[in-house]
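The block underneath contains the structure these notes are about, expressed in structure tokens.
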Amino acid sequence: MNQMKKLMLAVVSIFIVATMAACSSTASGESEEKLVINVAHGNQPGEPIDKLAKKWKELVDERSDGEIELRLFPSSQLGSEKDVLEQATMGSNVITMVGYDFLMDYVPDAGIMNAPYLVENFDDLLYLTTTDWFDEIKHDLNEKEISIVSTNTVYGERHLLSNEKVSLPEDLKGKKIRVPNNPMSITTFEALGAAATPTPLGDLYTSLQQGLIDGAENPLPVLEGVKAHEVSKHLSLTGHQKFIVAWISGTNFIDSLPTDVVQMLKETGDEAGEYARGVLEEEDKRVLAEFEKQGVEVHEVDIEPFKEKVQDVYDKFPSWTPGLYERIQELLENRPS
């Protein structure tokens, strides 16, 4: 009888193992059928960039009939902007949002896209991404294992939120202002007389609370997203940078994908960028009204003194191609109407 029980237990065990193996094989087969691409950014859920990423995910799911999934990682879940950029260059399965200032470490001339008071409007910046000059930038980035997937994401106009009123550059003297950890942002605020203080965006709120910084700069929805307005109550509309960003991936990863998939990713990324620009315009209006409601004093400023102060920034990067600023201005002057 005991022998019979042992035999039955053995048969049942074999059946369970076989069933699990079959399920595992099926799951593996299903995962092979679906291409999963990680998409990372540092912004908070609900911000325009997060809405862009969600729209992009929807468009890719629709165009690929569910065969491609964009898996979203907001709030720097995969690491800082620099960290994820490095992961991409090493071949990771990731698309990430980066400012052109962060790309300076790879192709220095790319940083001018985020230079202070470079252009009059966002359309000028977006036009630059369609020029032969920008094609050269993309080529040089490819040689550094970076491929640009989408170029038309408008991140926003950057303003200054501080503990004390700022009307002139002189008001920034010695003030610790949180900036992203890249040469362009640091150099810009040093030129304005501030003590530029690189701090992760996720640490901004506590840094303000603890008095480690005196203010921060970013587009309005981003400042609201990190709740900086709960601590700092003076908003100066400096508009020191009109900021667009790129979505990039590693060249090795992009080259591993079928050409039609890459084209679809670019087309849907651009569509999502257009959608998000409309969202951003509405969010700017809403956030400004909400800030005033929350007791933030909004200050219109004369930007001419700020413009004058940052002119030196264009001479601070010896690695730039000689005459780069002049070339950009010539491109803008000859922009088709």
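Along the sequence shown, the residues carry numbers beginning at 1.
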Quiz prompt | Ion pair Arg335/Asp124, N-O distance below 4.0 Å | solution =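 Here Arg335 pairs with Asp124 in a salt bridge, since their nearest N and O are under 4.0 Å apart.
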
Quiz item: So, are Glu283 and Arg286 salt-bridged, with charged N and O less than 4.0 Å apart?
Solution: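 Result for this pair is yes, salt bridge flagged.
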
Residue pair [X] / [Y], side-chain heavy-atom distance below 4.5 Å:
| X | Y | value |
| --- | --- | --- |
| Leu72 | Asn38 | no |
| Glu145 | Asn252 | yes |
| Asn114 | Phe102 | no |
| Asn152 | Thr129 | no |

Exercise. Hey, could you give me the CZ/CG distance between Phe243 and Leu118, rounded to the nearest 0.5 Å?
Key: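 Interatomic distance, Phe243 CZ to Leu118 CG, rounded to 0.5 Å: 12.0 Å.
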
Quiz item: How far does CD1 of Ile112 sit from CG of Asp101, to the nearest 0.5 angstrom?
Solution: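 So the gap between those two atoms works out to 12.5 Å.
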
Enumerate, atom names and distances included, each donor-acceptor pair closer than 3.5 Å involving a side-chain atom of residues 60-71, sequence neighbours excluded.
from	atom 1	to	atom 2	distance (Å)
Arg63	NH1	Glu271	OE2	3.2
Arg63	NH2	Glu271	OE1	3.0
Arg63	NH2	Glu271	OE2	2.7
Ser64	OG	Val60	O	2.7
Ser64	OG	Glu67	N	3.3
Ser64	OG	Ile68	N	3.0

Quiz item: Would you call the rings of His240 and Phe189 parallel, tilted or perpendicular if under 30° counts as parallel and over 60° as perpendicular?
Solution: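 Perpendicular, since the angle between the ring planes exceeds 60°.
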
Closest approach of [X] to [Y] (non-hydrogen atoms, all atoms of both residues):
| X | Y | answer |
| --- | --- | --- |
| Asp123 | Arg277 | OD1-NH1, 3.0 Å |
| Tyr100 | Val245 | CE1-C, 4.0 Å |
| Tyr205 | Ala228 | CD1-N, 4.4 Å |
| Pro48 | Pro221 | CD-CB, 3.6 Å |
| Asp109 | Thr321 | OD2-OG1, 2.6 Å |
| Ala216 | Leu204 | CB-CD1, 3.6 Å |

Self-check item: Candidate pair Leu103 and Val98, rule side chain to side chain contact (heavy atoms under 4.5 Å, CB included), full reasoning
Solution: CA-CA 8 Å; Leu103 295 176; Val98 294; 4.0 Å; yes

Exercise. Step by step, work out the side-chain hydrogen bond (donor to acceptor under 3.5 Å, both in side chains) result for Asp214 and Ser162.
Key: CA-CA 6 Å; Asp214 302 304; Ser162 53; over 6 Å; no

Practice problem: Check side-chain contact (heavy atoms from CB on, under 4.5 Å) between Pro45 and all other residues, then give those that pass, not counting sequence neighbours. | Solution: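 Pro45 satisfies side-chain contact (heavy atoms from CB on, under 4.5 Å) with Asp50, Pro74, Ser75 once adjacent residues are dropped.
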
Quiz prompt | Partner residues of Lys51 under the salt bridge (charged side-chain N to carboxylate O under 4.0 Å, His left out) criterion, sequence neighbours left out | solution =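 Listed in chain order: nothing, the list is empty.
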
Practice problem: With sequence neighbours left out, write down each residue that passes salt bridge (charged side-chain N to carboxylate O under 4.0 Å, His left out) with Glu157, or none if nothing qualifies. | Solution: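 Residues passing salt bridge (charged side-chain N to carboxylate O under 4.0 Å, His left out) with Glu157: Lys242.
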
Practice problem: Before giving the answer on side-chain hydrogen bond (donor to acceptor under 3.5 Å, both in side chains), spell out for Asn43 and Tyr155 the whole-Å C-alpha distance, their side-chain angles and the decisive distance to 0.1 Å. | Solution: CA-CA 11 Å; Asn43 294 78; Tyr155 191 74; 3.1 Å; yes

Might you confirm whether atom [atom1] of [X] has over 12 heavy atoms from other residues, nucleotides or ligands at distances under 6.0 Å?
| X | atom1 | value |
| --- | --- | --- |
| Glu330 | CD | no |
| Glu292 | CD | yes |
| Lys176 | NZ | yes |
| Lys233 | NZ | yes |

For residues [X] and [Y], is any side-chain donor paired with an opposing acceptor at under 3.5 Å?
| X | Y | value |
| --- | --- | --- |
| Asp203 | Thr206 | no |
| Trp247 | Thr153 | yes |
| Glu333 | Gln329 | no |
| Ser249 | Ser147 | no |

Practice problem: Go through the structure and list residues passing side-chain hydrogen bond (donor to acceptor under 3.5 Å, both in side chains) with Asp270, not counting sequence neighbours. | Solution: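 By the side-chain hydrogen bond (donor to acceptor under 3.5 Å, both in side chains) rule, Asp270 matches Ser150.
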
Practice problem: Check Tyr314, Phe317, Tyr117, Trp320 against Tyr325 for a ring-ring contact (aromatic ring centres under 6.0 Å, His included) and give me the one that passes. | Solution: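 Result for ring-ring contact (aromatic ring centres under 6.0 Å, His included) with Tyr325: Tyr314.
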
Quiz item: Under 3.5 Å, is there a donor-acceptor pair between the side chain of Gln87 and the main chain of Gly250?
Solution: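 Such a contact is absent between Gln87 side chain and Gly250 backbone.
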
If you look only at distance, which donor and acceptor atoms sit under 3.5 Å apart when one is on a side chain in residues 293-305 and the other is two or more places apart or in another chain?
from	atom 1	to	atom 2	distance (Å)
Gln294	NE2	Glu290	OE2	2.9
His299	NE2	His234	ND1	2.9
Asp302	OD1	Glu304	N	3.1

Quiz prompt | Pi-cation contact, Tyr106 with Lys144 (under 6.0 Å, within 45°) | solution =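 Judged by the rule (NZ or CZ under 6.0 Å from the ring centre, within 45° of its axis), Lys144 is not positioned above Tyr106.
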
